[in-house]
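Notes follow once the structure below has been shown.
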Amino acid sequence: MNVTRRTFLIHSASIASATAMLTFAPFVLADGWNRQAFTDKVLNDAMKDAGYDNAVKSTDILLKTQDIAENGAVVPIEATSNIPGTTSLAIFIDNNPNPLIAEFSFMNGAEPFIVTRVKMAKTSLVRIAVKAGGKTYFTGKSVKVTSGGCGG
Amino acid sequence: MTDSVKMRATQQGDFATIKVLFRHDMETGLRKDSKTGQLIPAHFIDLVTATLNGTTVLQAQWGIGVSKNPFLEFRVKGAKSGDKVAVSAVDNLGQHYTGETTIA
Amino acid sequence: MSMNRREFLQMLAAASAAGLALDSPAALSRNDARSFYDVPTFGNVSLLHMTDCHAQLLPVYFREPSINIGLNDSWNRPPHLVGEYLLKTFDIPAHTRDAYAFTCLDFSHAAKIYGKTGGFAHLATLVKQLRASRPGALLLDGGDTWQGSATSLWTQGQDMVDASKLLGVDVMTGHWEFTYGADRVQQIVNHDFKGTIDFVAQNISTNDFGDPVFPAYVIRQINGIPVAIIGQAFPYTPIANPRHFTPDWTFGIHEDHLQKIVDEVRGKGAQAVVLLSHNGMDVDLKLAARVHGIDAILGGHTHDGVPVPSIIQNSGGKTLVTNAGSNGKFLGVLDFDVRNGKVMDFRYKLLPIFANLIAPDPAMSALIDKVRAPYATKLGEILATTEETLYRRGNFNGSFDQLILDALMESKDAEVAFSPGFRWGTSLLPGEHITLEHLMDQTAITYPQTTLTEMTGARIKAIMEDVCDNLFNPDPYKQQGGDMVRVGGIHYTCDLRQTIGGRIQDMTLNGKPVDPNKTYKVAGWAPVAEGASGEPIWDVLAKYLRDKKVIRPRPLNQPKLLGVQGNHGICPSTSKTSL
């Protein structure tokens with residue numbers, strides 16, 4: 001059951017093409033997980049360490065989420081990049097303890113689109129950052145986290 | 001741990017939509033046990049790979065900010081009914097989770 | 001079922017002549033009764049709309065707000081008009097039945113003249129009459145029907161479910177219904193309602209794969225014209241109410257999905273499309289500008305009795321937005337003229353239901369009597385007598401809230417108290433007995449526990465800022481449609497020109513500034529977190545009332561408001577707030 005991390009990565013590598021693996025470089029650490037970027041506590045550091053610094057604001061990235069988080073522990077995020085040549089997309093939440101939430105790399109027909117669910121500690125801007133054609137872009141939307149009660 | 005991964009995959013026109021639900025606590029390492037007052041160690045899925053008929057189409061790195069029982073939906077162009085989609089994930093403690101389904 | 005207009009008028013006349021429940025016969029004449037509900041017919045598709053009755057089966061007093069502030073785009077626009085401003089905007093003469101129904105003006109005096117409003121037996125008679133003149137008309141219920149009274153709580157909503165079926169409700173959506181828990185809702189929808197009432201909600205899905213929980217819509221033929229009714233449940237149910245009642249469901253507004261549904265029903269041939277909404281009027285107004293293809297949004301939640309629809313322009317044309325008040329006080333009548341496959345014109349009237357102008361429907365009366373019989377003695381227990389008007393509705397503390405806060409602080413030995421800004425709860429006139437039933441009208445919820453918590457001054461401010469933002473955020477989608485948390489003990493200023501974190505100012509307790517670092521004892525009730533075990537609020541209040549026997553007028557702890565000069569959501573003649 002306890003397949004080691006190493007075995008898993010070998011398995012992953014065997015099903016991934018060599019070129020596809022390059023999409024993680026150069027930010028990938030030895031075990032394939034960008035420890036530095038995921039443990040950064042400040043947005044700018046996290047964006048830089050994940051390779052999304054100097055991102056330009058773009059209206060070609062679409063972010064759908066809740067206006068008020070129904071449950072701060074489960075906030076749905078739907079992100080689409082309409083920027084040609086998009087290779088990866090990352091979610092950053094400015095006010096989370098670790099602003100980098102997740103990064104997705106697309107290859108071999110996968111569309112630059114994901115839906116996932118994230119945790120939010122408090123009201124914050126949610127950012128979707130994109131890498132495309134060697135450049136970086138982002139969009140953002142504020143999501144309100146409230147303690148609730150008192151309604152209606 | 002295939003029972004930890006639930007999947008649905010459907011063809012819609014020229015692409016397929018794949019939805020994946022993992023059963024995982026996604027412990028942040030920042031939470032205290034209410035009884036002991038001790039920090040609960042971090043335990044979260046950090047790497048995910050998806051394949052279509054054996055070819056990798058999506059790779060993801062996750063941090064502690066992904067919700068408990070993570071959900072992932074993605075789309076693959078050209079994928080059609082009958083194709084096989086598989087996902088593999090590993091967490092920071094080295095536990096491994098896999099799921100596979102056929103596109104409907 | 002088929003009572004024609006003549007029979008109805010005869011019944012009204014009989015009721016009037018017999019002096020049935022006429023609080024002030026001088027205010028009535030047969031002509032008054034006859035003409036009041038004589039709504040000219042129009043077009044070929046009619047919809048009757050009720051919402052937010054909060055389980056009031058019998059006629060009640062309900063005082064409309066003296067403070068209902070709109071800011072930014074809502075400044076001095078419906079529904080944020082009160083008192084004289086509302087009368088002027090909608091051309092309603094002062095000192096009339098309508099003025100009594102739609103405003104707080106001269107409330108206790110007018111209430112004695114015009115009497116109680118609402119009541120399912122009276123509503124049933126009116127619905128039958130309107131259906132007789134409008135063949136095929138559908139009765140739509142916007143929700144908040146199963147909660148708000150003792151009998152609804154004690155029967156888990158069954159009294160209202162049975163009454164709704166007898167009334168002939170066709171389509172329904174919900175909000176407080178969900179506080180009975182997902183299983184109870186499913187049981188009612190799948191069994192009691194099966195084949196009679198369609199429960200629709202386009203915005204509720206499962207937490208796992210996002211599957212729909214209820215049908216999004218229903219298409220019904222009215223005079224051969226396909227009409228789609230799409231449901232929109234309260235989007236913020238799991239935030240405003242405890243999430244643990246519906247742990248596997250997610251709500252939200254979901255504009256995109258709504259647009260898909262509108263396109264889908266149009267594609268299926270619907271010639272009129274209506275959204276039965278529990279969004280609240282401000283959310284509906286924003287939504288109407290952003291989603292196209294909806295002819296009317298029949299709205300509720302915010303309890304705004306708005307006599308005239310707002311007409312909102314969007315990319316596909318125009319959408320009407322209405323809000324039909326609360327506590328059984330009103331019935332909306334929307335008539336469409338549908339020709340050449342689309343709505344060409346409309347008429348709308350929001351009818352106040354005056355119990356003494358309408359004869360109660362015998363079958364509904366019998367059902368209500370049957371439901372109440374086992375609880376009659378308990379409900380009728382007199383706890384105290386009030387010397388002032390008791391009410392809740394309004395942006396800040398109402399007099400019944402003040403009573404609750406005072407009772408909480410005294411019985412829990414707390415310096416501060418919070419009570420939720422609910423918009424339901426009936427009113428009492430000076431001199432009336434406060435019965436257990438009245439008390440339950442203010443408190444009948446499935447999470448009634450009282451709490452006593454130590455909080456720092458900073459935490460208290462954060463809670464007040466949070467709730468205040470849910471009321472006054474400039475973006476309607478970030479509002480929840482409740483009123484400001486009622487605050488006992490702490491005096492404060494509320495600066496409505498500010499944003500979250502800056503609105504609550506000058507907090508004092510017993511004349512001293514509230515210290516952010518000091519800890520205070522705070523009493524409250526209705527906790528949204530699971531696992532509270534405190535004594536139910538009604539027990540705390542009943543003890544307090546029995547002890548006091550007479551409730552004298554007490555000062556309302558309303559904040560000093562900044563940034564509201566010239567705001568028509570504040571009634572100059574009746575609001576006690578300082579500006």
Side-chain angles (χ1 to χ4, degrees), chain A residues 1-9 11-17 20-21 23-24 27-28 31-35 37-39 46 50 71 73-76 78 80 88 90-93 96-121, chain B residues 1-2 4 14-22 26 28-31 42 44-80 83 85-98:
Chain A
M1 185 59 68
N2 255 340
V3 181
T4 64
R5 182 168 200 90
R6 190 177 164 74
T7 324
F8 168 75
L9 289 167
H11 173 71
S12 296
S14 69
I15 54 178
S17 72
M21 283 305 282
T23 55
F24 278 141
F27 302 102
V28 91
D31 64 355
W33 188 65
N34 191 342
R35 181 171 306 277
F38 277 104
T39 50
N71 175 357
V74 189
V75 182
E78 180 183 315
T80 311
S88 71
I91 304 168
F92 295 90
I93 298 175
N96 266 26
N98 301 127
L100 175 57
I101 306 302
E103 187 190 30
F104 303 87
S105 301
F106 310 98
M107 58 211 75
N108 301 318
E111 299 195 348
F113 160 91
I114 58 99
V115 184
T116 188
R117 297 166 190 162
V118 303
K119 296 170 195 162
M120 290 186 69
Chain B
M1 287 200 182
T2 48
S4 301
D14 65 345
F15 63 86
T17 296
I18 298 101
K19 296 182 182 184
V20 190
L21 257 181
F22 298 89
M26 298 299 281
T28 59
L30 306 172
R31 237 161 44 96
F44 59 99
I45 290 174
D46 56 7
L47 293 171
V48 181
T49 299
T51 61
L52 176 72
N53 298 327
T55 304
T56 299
V57 290
L58 181 89
Q59 290 184 318
Q61 299 184 59
W62 288 354
I64 57 170
V66 172
S67 299
K68 178 178 173 172
N69 298 330
F71 177 80
L72 172 65
E73 179 179 332
F74 60 99
R75 288 179 187 156
V76 185
K77 209 171 175 145
K80 51 193 186 304
D83 286 354
V85 194
V87 292
S88 325
V90 67
D91 66 28
N92 64 322
L93 302 183
Q95 282 171 326
H96 185 196
Y97 310 86
T98 58

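Please read these numbers as outputs of a predicted model, since none were measured by experiment. Chain naming here is simple, since letters A, B, ... match the order of the sequence lines and numbering starts at 1 in each. Below, each value reflects all heavy atoms present in this structure, side chains not excepted, and no hydrogens, waters or symmetry copies.
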Over all atoms of both residues, closest heavy-atom pair of B:Ser67 and A:Ala73: OG-O, 2.8 Å
Where do B:Thr56 and A:Asn108 come nearest, in terms of heavy atoms and distance? O-ND2, 2.6 Å
Quick one: pull up [atom1] in [X] and [atom2] in [Y] and give me the separation to the nearest 0.5 Å.
X	Y	atom1	atom2	answer
B:Lys68	A:Asn71	NZ	CG	11.0 Å
A:Lys119	B:Ile64	NZ	CD1	6.5 Å
A:Asn34	B:Asp46	CG	CG	11.0 Å
B:Gln59	A:Ser88	CD	OG	11.0 Å

Under 3.5 Å donor-acceptor pairs involving side-chain atoms of residues 109-118 of chain A, not counting sequence neighbours:
from, atom 1, to, atom 2, distance (Å)
A:Thr116, OG1, B:Phe71, O, 2.7
A:Arg117, NH1, C:Asn207, O, 2.6
A:Arg117, NH1, C:Asp208, O, 3.3
A:Arg117, NH2, C:Asn207, O, 3.3
A:Arg117, NH2, C:Asp208, O, 2.7

Heavy-atom proximity to chain A below 4.5 Å, by part of B:Leu30: side chain
Part of B:Ile45 lying under 4.5 Å from any heavy atom of chain A: neither
Could I get the full list of ring pair (Phe, Tyr, Trp, His ring centres under 6.0 Å) partners for A:Phe38, not counting sequence neighbours? A:Trp33
Would you say the side chain of B:Val57 lies within less than 4.5 Å of the side chain of A:Phe106, judging by non-hydrogen atoms? no
